[in-house]
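In what follows, every chain begins at residue 1, and chains take the letters A, B, ... in the order their sequences are listed.
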Amino acid sequence: LIARLHYAAAAAYFRQKHYDTGRMLKNAGLIKEFPPLMPLSVSLRVIHRRDVLAGAGAAAALALLTGGAKRAAAEDVAPRTQAFKDAYAALVRDATPTRELISLDLPEYAENGNGVSFMLAVESPMTESDHVKALHLLSTANPQPVVATYRFTPACGRAQVTGRMRLASTQDVIAVAELSDGRFVIGERTVSVSIGGCDT
Amino acid sequence: LPEHVKAGDLIEVKTLVTHVMETGNRRDAQGRLVPRKIIHTFTAKFSGQEIFSAKLGSGIAANPYIAFFMRVPGPGEFELTWIDDTGETAVERVPLVLG
């Protein structure tokens, strides 16, 4: 059983590395196509500890070679549209949202922008005097920036919502919550999109 | 809905509806814009009281999945409503049985 677990962990590790490496190579301009062919299964009969270590070493060396990959990835992010800026300004008006309490659970890489699962949560006791009134989900680069607005009541008990969104391109996804005391809080997450959701 | 629910429990209500969620940005083979058809409103009431609602836009994927939470006040009935741009309305009533 332990050997099987090791096998599964190593396979998952190599698959993820392959994916990250492909992205780095594309960002560095070394390959045109991404994602490259991904192995769906890795067949290894015996995994020796030294092999796993060697694999990790090679991956680390490659990461060093393409050291600019993180920065390159940041440049892939689509600029924020005027429509987004207008929608955001209309939402928060003269308030200054603070970066706290919100968590956005979204994938770092989305293969298909037509359906990207998300889970948004705001830390709140959800009492009459202290609760989340609304949670707005915004896209910074879709044609329409306001993806959804969720309205909660203290009866919810927890300010959390799950759904699936469209993402036209690699971009930042923003969640803004309105609290019962009038404050706004904000959270954001960058999602890399391989195939954009068509004309979302 | 989860099973074996007691009053006071925090439960997750998971909803799924079949709908195209046509964005209005897409063109057909002849180059004409396909008119927007979006479920713009979802409302969840429990025993007549509004618990949770959502305004959805074209950035929500087809066949909208919405999951939210509720602190169970006691037995009752959910009334879930979806309304789209054409005025089509779907109402689903689901009793919540305790025990």
Scored by heavy-atom pairs under 4.5 Å with chain A, the best of B:Glu22, B:Glu12, B:Met21 is B:Met21
A:Ser124 and A:His131: side chain donor to acceptor below 3.5 Å: no
With no hydrogens and no angle check, do the side chains of A:His136 and A:Glu178 hold a donor and an acceptor under 3.5 Å apart? yes
Walk me through whether A:Phe84 and A:Asn142 qualify under side-chain contact (heavy atoms from CB on, under 4.5 Å). CA-CA 8 Å; A:Phe84 162 76; A:Asn142 280 3; over 6 Å; no
Would you mind telling me which of B:Pro64, B:Pro73, B:Ala62 has the largest number of heavy-atom pairs within less than 4.5 Å of chain A? B:Ala62
To the nearest 0.5 Å, atom CD of B:Gln30 lies from atom CG of B:Leu33 at 13.0 Å
Interface moiety of A:Val161 toward chain B, non-hydrogen atoms closer than 4.5 Å: both
Tell me, out of B:Thr43, B:Ile60, B:Leu10, B:Leu56, who's got the most heavy-atom pairs with chain A below 4.5 Å. B:Ile60
Would you say the rings of A:Phe152 and B:Phe52 are close, in the sense that their centroids are separated by under 6.0 Å? yes
Tell me, for A:Ser139 versus chain B, whether the close heavy atoms (under 4.5 Å) come from the side chain, the backbone, both or neither. neither
B:Ala44 portion near chain A, given a 4.5 angstrom heavy-atom threshold: neither
